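Here the structure comes first, spelled out in structure tokens, and everything after it is commentary.
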There are 2 protein chains.
Amino acid sequence: MASRTARAEQVSATRELILTAAERLFAERGVNAVSNRQVSEAAGQGNNTAVGYHFGTKADLVRAIVRKHATRIEEIRARLLAGIGDSSDVRDWVDCLVRPIPKHLGALGGPTWYARFCAQVVTDPALHEILVEESLASPTLRQIIDGLTRCLPELPPEVRAERAEMARHLIVHMPAERERAIAENRATPRANWDDAAGGLADALVGLWLAPISSRS
Amino acid sequence: MASRTARAEQVSATRELILTAAERLFAERGVNAVSNRQVSEAAGQGNNTAVGYHFGTKADLVRAIVRKHATRIEEIRARLLAGIGDSSDVRDWVDCLVRPIPKHLGALGGPTWYARFCAQVVTDPALHEILVEESLASPTLRQIIDGLTRCLPELPPEVRAERAEMARHLIVHMPAERERAIAENRATPRANWDDAAGGLADALVGLWLAPISSRS
DNA sequence: CAGTAAGTCAAGCGCCTGCCTTAAATCTGG
DNA sequence: CCAGATTTAAGGCAGGCGCTTGACTTACTG
């Protein structure tokens, strides 16, 4: 109906404006350093309470931003997963784990903020769980973790947990670091997002396959 | 003089109280989520402006907290560095890089907050540089980085930079993660700080020695 | 033993925040 | 075409913030 289009499109345009402004401000200054008012103003809304009206609390806004990107990332991840079948090569599974976010950022083109935004959110004690929930909601992600685990049967469970934690951190923070370098016109080790993902995947393969020493 | 002791001791006790309270609050809630007023109150100072009086801005307070721990960490690092001479084993240098912070936390005993505090600070866009400056001020740290570089002569400079970034993130965030797990009574992969450092060192050796693939 | 400087406390200022209320503009469904 | 609902705008409110000021206590100095 023309009705739904006209009005609803205006509304979702406003929501989009708020999401984009918030993502950017949160990425650049940190979530807690930005007030809902500032987000509303940056989104061009004369209304003080635009954020509250459309999203509720700041945590709800953060969740909405995450969901906005989740669909695309999930698509990329599913495509990569389908491509490797039931490989027993660690590298294949690490690729599936690492590449979705950089690929998504590359597809957005131009300057991006989402990686830095995620780095802020995972580090905030009050917001951390939101990202964990939203991420673990992805069945393909679980499949990939399982597949990787199957490639490393002799790794003790505690060491696996430990290294999974390391991988998680790097997958979030390294793209954020690259994003920041680009935003500040600093040199980056890699020319594009795909190469950056490749470098990260190389390192993670080494990390997963690292021998376990007997030192203290 | 008894004079200096009496008064100056009271003062430095107050400063210490503020530093400890701030470190704890910042670690638990995030730097930006805590006001200077809250820090003053948590330190038992009736005065609103105790933080401002003794330290100045919040950035100055953060720097003071970092310096408070830096001496001890530097001692540990120097001792480890002296112990390995001019080894050409990557593992030796990685140990020097990884162990100081966990060792320091272990030596403090009981619950700690410094690792989470550091994780908060490095992630804050406005505070990040403070920690970098203070860290790079350590000559032993530079020596260790040089030593490690010497062990990896055939690694392309960009890849080295990339992996150094990864190592930095893990060295800061993994202890923070362990600290948080302890604070929340969750299980940790390792029983003590030394073992945790060992696990991290294992992984970092693998990361540094990882082969460079030719994939995209 | 004053005089001075340093540290602490208490109160007040303007600013910004989140939240609430009201009003105008806009679109929807009958 | 018009009531009614939704969205945007605008302003007010209490509360918390950083910062300043001034009084009070304490300890060093000549």
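Remember, it's a predicted structure, so these values are computed and weren't measured experimentally.
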Residues forming a side chain to side chain contact (heavy atoms under 4.5 Å, CB included) with B:I101, sequence neighbours excluded: B:I73, B:L105, B:I171
For the pair B:E158 and A:R190, find out whether any cationic side-chain nitrogen is under 4.0 Å from an anionic carboxylate oxygen. no
Counting only heavy atoms and a strict 4.0 angstrom limit, can you tell me which residues of residues 31-50 of chain A come near DNA chain D? A:R37, A:Q45, A:G46, A:N47, A:N48
Ring pair (Phe, Tyr, Trp, His ring centres under 6.0 Å): which pairs involve residues 58-77 of chain A, sequence neighbours left out? A:H69-A:H104, A:H69-A:Y114
C:dG7 phosphate, OP1 or OP2, under 4.0 Å from B:T14 side-chain N/O: no
Quick test of your reading: applying ring pair (Phe, Tyr, Trp, His ring centres under 6.0 Å), list the pairs with at least one residue in residues 16-48 of chain A, sequence neighbours left out, ordered by first then second residue. none
Within the distance-only criterion (no hydrogens, no angle test), does the side chain of B:D195 pair as donor or acceptor with the backbone N or O of B:N192 below 3.5 angstrom? no
Output the distance between atom OG1 (A:T140) and atom CG (A:L97), rounded to the nearest 0.5 Å. 10.5 Å
Least distance between heavy atoms, B:A22 atom then B:L61 atom: CB-CD2, 3.8 Å
My understanding is that only residues two or more places apart in sequence, or in another chain, count here; which of them pass salt bridge (charged side-chain N to carboxylate O under 4.0 Å, His left out) with B:E41? none
Strictly below 4.0 Å, heavy-atom distances to any atom of DNA chain C: list the hits from residues 53-68 of chain B, or just say none. B:Y53, B:H54
